[in-house]
Trainee: 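One structure is given below, represented as structure tokens, and several questions about it will come after.
Not measured: the values here are computed from a predicted model.
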Amino acid sequence: QVRLVESGGGLVQPGGSLTLSCAASGIIFSINDMGWYRQAPGKERELVATISSGGFADYGDSAKGRFTISRDNAKNMVYLQMNSLKPEDAAVYYCNAKRLPFVYWGQGTQVTVSS
């Protein structure tokens with residue numbers, strides 16, 4: 001069992017920046033990939049970014065060039081730095097972790113982008 005807790009969401013202006021954090025606890029050894037997904041009302045959950053245990057990152061198309069994912073294995077943390085935020089980035093952002101063959105999800109943190 002893996003528990004994931006997100007933090008750092010909030011209200012930002014268009015063009016602003018925000019950094020999200022995710023803390024993993026429980027049986028956390030052998031976690032492979034971690035990532036961030038988001039879901040806006042009425043829309044499907046979509047990939048934002050993933051990062052392997054070795055630090056290799058991959059991004060969804062909407063995140064490329066604006067968002068950066070990173071992880072600190074010693075602290076069991078994963079981060080998402082978001083820059084140049086747009087209203088369409090507003091969503092609940094969920095932390096994700098894979099410990100094969102299972103996948104785990106956090107409760108989510110709300111990001112609102114509005115003037």
Trainee: Would you say the side chain of Leu4 lies within less than 4.5 Å of the side chain of Met34, judging by non-hydrogen atoms?
Mentor: yes
Trainee: How many angstroms lie between CD1 in Ile51 and CG in Asp58, if you round to the nearest 0.5 Å?
Mentor: 10.5 Å
Trainee: Whether Arg71 engages the ring of Tyr79 as a cation-pi pair (distance to the six-membered ring centre under 6.0 angstrom, angle to the ring normal within 45°) should be assessed.
Mentor: no
Trainee: Is there side-chain contact between Thr112 and Val12, with at least one heavy-atom pair below 4.5 Å?
Mentor: no
Trainee: What about Phe102 and Trp105, same hydrophobic cluster or not, with Ile/Leu/Val/Met/Phe/Trp/Tyr joined at side-chain heavy-atom distances under 4.5 Å?
Mentor: no
Trainee: Report yes if some heavy atom in the side chain of Tyr93 is under 4.5 Å from a heavy atom in the side chain of Leu80; otherwise report no.
Mentor: yes
Trainee: Closest approach of Asn96 and Val103, non-hydrogen atoms and distance?
Mentor: ND2-CG2, 3.0 Å
Trainee: Looking only at heavy atoms, which two atoms of Ser115 and Gln13 are closest? And how far apart?
Mentor: CA-OE1, 3.2 Å
Trainee: Between Ala40 and Ala91, which heavy-atom pair has the shortest distance, and what is it?
Mentor: N-CB, 3.8 Å
Trainee: Please check this pair: side chain of Glu6 against backbone of Gly108, looking for a donor-acceptor N/O pair closer than 3.5 Å.
Mentor: yes
Trainee: Check whether any side-chain heavy atom of Pro14 sits under 4.5 Å from a side-chain heavy atom of Leu85, and report yes or no.
Mentor: no
Trainee: Find out whether Val111 and Leu18 are in side-chain contact, i.e. whether some heavy atom of one side chain is under 4.5 Å from a heavy atom of the other.
Mentor: yes
Trainee: Hey, quick one: are Val113 and Trp36 part of the same hydrophobic cluster, counting side-chain heavy atoms closer than 4.5 Å, chains of contacts allowed?
Mentor: yes
Trainee: Would you indicate whether the side-chain heavy atoms of Met82 and Leu20 approach each other to under 4.5 Å?
Mentor: yes
Trainee: Just by distance, no angles: are the side chains of Tyr104 and Arg99 close enough, under 3.5 Å, to form a donor-acceptor pair?
Mentor: yes
Trainee: Would you sort out whether Ile69 and Tyr59 count as a side chain to side chain contact (heavy atoms under 4.5 Å, CB included), showing the intermediate values?
Mentor: CA-CA 8 Å; Ile69 189 171; Tyr59 297 91; 3.6 Å; yes
Trainee: In the hydrophobic cluster built from side-chain contacts under 4.5 Å, what are the other members alongside Val5?
Mentor: none
Trainee: Within the 4.5 Å heavy-atom criterion, are Val78 and Cys95 side-chain neighbours or not?
Mentor: yes
Trainee: Any side-chain donor paired with an acceptor under 3.5 Å for Tyr37 and Arg45?
Mentor: no
Trainee: Would you say the side-chain atoms of Gln81 pair up with the backbone N or O of Phe67, donor to acceptor, closer than 3.5 Å?
Mentor: no
Trainee: Between Ser17 and Asn83, is there a side-chain donor-acceptor contact under 3.5 Å, judged purely by atom types and distance?
Mentor: yes
Trainee: Given the rule that I, L, V, M, F, W and Y join up when any side-chain heavy atoms are under 4.5 Å apart, are Leu47 and Tyr94 in one cluster?
Mentor: yes
Trainee: Does Arg38 reach the side chain of Lys43, with side-chain heavy atoms less than 4.5 Å apart?
Mentor: no
Trainee: When rounded to the nearest 0.5 angstrom, what distance separates OG in Ser7 from CE in Met77?
Mentor: 6.0 Å
Trainee: Does atom CD (Glu44) have a neighbourhood of more than 12 heavy atoms from anything else shown, all under 6.0 Å?
Mentor: no
Trainee: Just wondering, are more than 12 heavy atoms of other shown residues or ligands nearer than 6.0 Å to CG in Leu11?
Mentor: yes
Trainee: Are more than 12 heavy atoms from other residues, nucleotides or ligands located less than 6.0 Å from atom CD of Gln107?
Mentor: no
